[in-house]
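One structure is given below, encoded as structure tokens.
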Number of protein chains: 2
Amino acid sequence: MSHSIAEAADRTGLTAHTLRYYERDGLLLRPVERDSSGRRRYDQAHLDWIHLVTCLRATGMPIRDVRRYAELVRSGETTEADRLALLHAHRRRVVEELARVTEHLGAIDRKIGIYESRAEERAVVSA
Amino acid sequence: MSHSIAEAADRTGLTAHTLRYYERDGLLLRPVERDSSGRRRYDQAHLDWIHLVTCLRATGMPIRDVRRYAELVRSGETTEADRLALLHAHRRRVVEELARVTEHLGAIDRKIGIYESRAEERAVVSA
DNA sequence: ATCACACTTCGAGTGCACTCCAAGTCAAGA
DNA sequence: TCTTGACTTGGAGTGCACTCGAAGTGTGAT
């Protein structure tokens, strides 16, 4: 079972443009196969890999690090320690970022609280 | 007590470049006052506002929405309901984004787990 | 057969948020 | 007095990640 670029876009949540861009930019493990008329065919292995790429991208990994990770995978299983290190470093940054955002969100919540209590006050006064 | 742009940069974690950029772009409530030789002087009210701006920015609010928020504040207290709506909408997006990132982080953690168990296996075999 | 349409490539364009540069001003210290 | 260095301005440049356009080709329905 293989899929056209439109189907792959559908299943990955990316656009066809972005899928071509990722391929050009070396984010995929290997170039996608083409059918007899030159069109891309994505198999399950590609979709699985692209899913991992979207996890990395959605958590803020830069394109060049995803490319680096793909290169490591391409280079064979001797690079597994390097891949693990790369993922660990990324994980640490993501956890830090989550904490930072959560903290800033708290400040925004306090601001919201201020506006709400002021709105409340006005409601009472005008009642 | 007022501060030079270098001190303001220090206290806000932004660069002097960024502080000037924010001012030019209308993210501050009013232009920063200048001393007799034309240099910016930041008072506590400015620093407090910039702190709020960094909370909004750090949680992913686009510059144009921060500007919109600043415009509402400038327009007086009749806009408090609008400000509250803006903050609520932002809060919702941030919470969603946190959930999304957390979920993707889980997938990355599972990937890390796979590499770790493989590393573990190799360690056992080579022992 | 013709038509619409999804696809191809290469390269250019976009939007965002800074980030930097050049040229000039001013104040304080040696 | 001279120099150093932090500042000023307007505008240009950068990096990232797409996003789109133009021109062309192959496929499937009418």
Side-chain angles (χ1 to χ4, degrees), chain A residues 2-28 30-43 46-47 50 52-70 90 93-94 97 100-101 104, chain B residues 2-28 30-43 46-47 50 52-70 90 93-94 97 100-101 104:
Chain A
S2 75
H3 308 276
S4 71
I5 195 167
E7 286 162 354
D10 230 45
R11 278 160 204 262
T12 60
L14 302 173
T15 67
H17 283 306
T18 303
L19 285 170
R20 293 192 199 99
Y21 164 65
Y22 280 3
E23 184 179 341
R24 258 191 300 185
D25 237 48
L27 269 60
L28 305 191
R30 45 209 157 69
V32 179
E33 297 81 57
R34 310 303 157 106
D35 67 14
S36 61
S37 66
R39 296 188 185 178
R40 288 170 177 80
R41 301 304 309 182
Y42 294 82
D43 59 22
H46 269 117
L47 298 187
I50 293 165
L52 176 59
V53 169
T54 59
C55 282
L56 297 173
R57 291 288 306 120
T59 50
M61 184 182 284
I63 293 283
R64 69 178 163 294
D65 290 3
V66 178
R67 182 166 44 236
R68 171 84 187 126
Y69 184 68
H90 178 59
R93 281 190 298 269
V94 174
E97 175 67 7
R100 194 169 14 252
V101 170
H104 283 134
Chain B
S2 75
H3 310 276
S4 71
I5 195 166
E7 287 162 353
D10 230 46
R11 279 160 203 260
T12 61
L14 301 173
T15 66
H17 283 306
T18 302
L19 285 170
R20 293 192 200 98
Y21 164 65
Y22 280 3
E23 184 179 342
R24 257 193 298 185
D25 238 47
L27 270 60
L28 305 191
R30 44 210 158 71
V32 180
E33 297 79 61
R34 309 305 156 105
D35 68 12
S36 63
S37 66
R39 297 188 184 180
R40 288 170 178 80
R41 301 304 308 183
Y42 293 83
D43 58 21
H46 270 118
L47 297 186
I50 293 166
L52 175 59
V53 169
T54 60
C55 283
L56 297 174
R57 290 289 307 122
T59 49
M61 184 183 283
I63 293 283
R64 70 178 163 296
D65 291 4
V66 178
R67 179 167 45 234
R68 171 82 187 128
Y69 184 67
H90 178 60
R93 281 189 299 269
V94 174
E97 176 66 9
R100 197 172 9 255
V101 169
H104 283 134

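Atoms considered below: every heavy atom in the structure, side chains included; atoms not considered: hydrogens, waters and symmetry mates. Residue numbers begin at 1 in each chain, while the letters A, B, ... track the order of the sequences.
- Under the 3.5 Å distance criterion, the side-chain polar atoms of A:Arg34 are matched with a main-chain donor or acceptor of A:Val32.
- With A:Arg30 contributing its side chain and A:Leu28 its backbone, the two residues share no donor-acceptor pair below 3.5 Å.
- In this structure, the side chains of B:His90 and B:Asp65 stay at 4.5 Å or more apart for every pair of heavy atoms.
- Side-chain contact between B:Arg40 and B:Ser4 is absent, with no heavy atoms from C-beta onward closer than 4.5 Å.
- Of all heavy-atom pairs between A:Leu19 and A:Ile5, the closest is CD1-O, 3.8 Å.
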Take nucleotides 3-13 of chain C nucleotide by nucleotide from the 5' end and write B, S or -, depending on whether a protein heavy atom sits under 4.0 Å from the base, only from the sugar-phosphate, or from neither. ---BSBB-B--
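- Residue A:Arg68 qualifies as open at atom CZ: its count of foreign heavy atoms under 6.0 Å is 12 or below.
- Of the residues near DNA chain C, B:Arg64 and B:His17, the one whose nearest nucleotide (by heavy atom distance) lies more toward the 5' end is B:Arg64.
- Salt bridge present: A:Glu97 and A:Arg100 bring a charged side-chain N and a carboxylate O closer than 4.0 Å.
- Taking 4.5 Å as the limit, some side-chain heavy atom of A:Ile63 sits within range of a side-chain heavy atom of A:Tyr22.
- Contact check for B:His3 versus B:His46: no side-chain heavy atoms found under the 4.5 Å cut-off.
- The span of DNA chain D lying next to chain B, judged by atoms under 4.0 Å from heavy atoms, is bounded 5' to 3' by D:dG5 to D:dG11.
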Nucleotide N/O to protein N/O under 3.5 Å, stretch nucleotides 28-30 of chain C:
none

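- Residues B:Thr12 and B:Tyr42 fail the side-chain proximity criterion, which asks for heavy atoms closer than 4.5 Å.
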